[in-house]
Protein chains: 2
Amino acid sequence: MTAARESVSTAAVVDTALTLFAERGYHGTALSQIAEVLQVRTPSLYNHMRSKHELLETIIGDTVRGVLDDFREATANRGDPLDRLYHAVLVYSRRHATHRREAIVVNRDTSSLDEPTRSQMQALRREHEHAIRSIIGDGVAAGRFSVDSPALASFAIREMCVSIARWYQDGGPITPEQVSREYTEFALSIVGAGRM
Amino acid sequence: MTAARESVSTAAVVDTALTLFAERGYHGTALSQIAEVLQVRTPSLYNHMRSKHELLETIIGDTVRGVLDDFREATANRGDPLDRLYHAVLVYSRRHATHRREAIVVNRDTSSLDEPTRSQMQALRREHEHAIRSIIGDGVAAGRFSVDSPALASFAIREMCVSIARWYQDGGPITPEQVSREYTEFALSIVGAGRM
DNA sequence: CATACTAGCTAACGCTCATAAGTTTGCCGT
DNA sequence: ACGGCAAACTTATGAGCGTTAGCTAGTATG
């Protein structure tokens, strides 16, 4: 009998779960399907995870924290609202072209987390939302942006970026850089800041 | 024993399913939960539907067809690209404020349909997508719009509207008309057509 | 060469789900 | 007043789920 010593790693389980959760949703994915992709029997997965739920928490937690880290790094040491918004949207939109599966799972299945994790994750997402909104508010106050409602503009810009995950094709002709550059222009148009 | 003659209607079953599907997703909703809301035993639901799957098909089919009807009615007898885009976005964004649950289910659970319905629904959605894209292409060709990629602009505008369903509050201070008017401005900004 | 560990495996559990079959009950038209 | 229908009910079935327990076989360590 052949049985290699480490045929499956924890990272491989998470990665496969990510792919299937993104395709069929958390509740629509069975552990047996993850096991099948990895060519392993279902109970063997438990050597690499504690539960199906933990898998979802890991994926969503890592992603949401990554978004905030990206944002902080992109806006650190920048004071100008236009500069801050530009770089915030640039990294946010690029992330959704390069991390499509993660974005889809976060947006579809955060509601499937149970408390208190669910509230924690929603708080983190709200933090990003309010940060973008503040930048827009600052820009309006400084007379650099022209928009009736910073809240609506913030929603529109963020969700526009999120949706990249739904249509972007990984092997396609258009690079993440091109997408993010174009979407950043869209965002600046929305707040009435024109093009850079 | 008291048992009224028609305590539950087909419409009530669909409506309750709509609410729960939007909240927890198709796979995350059990028929027993729908029955509980209607204060009825689970098997009684089968007096008003053929299967759980048919419920999803009804909801998604009606919604997707409604979107296309809305679009056709809004753009009929209009030739000017700016005029066409304005009204297309107006009805699309308003629909997502007034039909939040439907939009959430369509966007989350169309992938849970099985063939051939799934492909049919995706074809209808693509039809709307391409219609918007054509309007933008026409506007660019006529020198009325200024945008690098009509396809990207179309994605951005549509998904921005779709996301209204995710944050809009039904009883809130802001009306669907206000939202749709503001989002229409956003859309025109994206294509570089300025404000009306 | 013996030991301990690791990561597979099979078998089985308890639960929930969608759905089916057959039964009861109350209203409506004749 | 009564027969029939419609819509509820109870009960049951079989499939699939996540998870646990216990076993086996390779690998690395001493």
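Note that the structure is a prediction, hence the values are computed from the model and not measured.
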Exam field: side chain B:Glu127 to backbone B:Leu68, donor-acceptor pair closer than 3.5 Å: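 Answer holds: no.
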Near-ring test A:Tyr26/B:His27, centroid separation under 6.0 angstrom: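 No, they do not, as the ring centres are separated by 6.0 Å or more.
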B:His96-B:Tyr183 aromatic ring centre distance below 6.0 Å: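 No, the ring of B:His96 stays outside the 6.0 Å limit from the ring of B:Tyr183, centre to centre.
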Without decimals, in angstroms, what is the distance between [X] [atom1] and [N] [atom2]?
X: A:Leu20; N: D:dG18; atom1: CG; atom2: P; value: 12 Å
X: A:Asn47; N: D:dT24; atom1: CG; atom2: C1'; value: 13 Å
X: B:Leu45; N: D:dT10; atom1: CG; atom2: P; value: 14 Å
X: A:Gln39; N: C:dC9; atom1: CD; atom2: P; value: 10 Å
X: A:Arg50; N: D:dG18; atom1: CZ; atom2: P; value: 18 Å
X: B:His48; N: C:dT19; atom1: NE2; atom2: C1'; value: 16 Å
X: A:Tyr46; N: C:dC9; atom1: OH; atom2: C1'; value: 16 Å
X: B:Glu36; N: C:dA18; atom1: CD; atom2: P; value: 13 Å

Side chains of A:Ser111 and B:Glu23, donor plus acceptor under 3.5 Å: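 No, B:Glu23 and A:Ser111 have no side-chain donor paired with an acceptor closer than 3.5 Å.
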Of A:Ser44 and B:His53, the one whose closest DNA chain C nucleotide lies more 5': A:Ser44
Over 12 foreign heavy atoms within 6.0 Å of CD, A:Glu115: yes
Partner set under salt bridge (charged side-chain N to carboxylate O under 4.0 Å, His left out) for A:Asp114, not counting sequence neighbours: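 Per chain and number, A:Asp114 pairs via salt bridge (charged side-chain N to carboxylate O under 4.0 Å, His left out) with no residue.
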Touch class at under 4.0 angstrom, heavy-atom based, for A:Ser51 against every strand present: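 Sugar-phosphate contact only.
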Under 4.0 Å protein heavy-atom contacts per nucleotide of nucleotides 12-17 of chain C, with B for base, S for backbone only and - for none: -----S
Proximity to the side chain of B:Arg41 - top-ranked nucleotide from D:dC9, C:dA7, C:dT19: D:dC9
CG-CG distance between B:Leu82 and B:Leu188, expressed to the nearest 0.5 angstrom: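 Spacing of CG (B:Leu82) from CG (B:Leu188) equals 5.5 Å.
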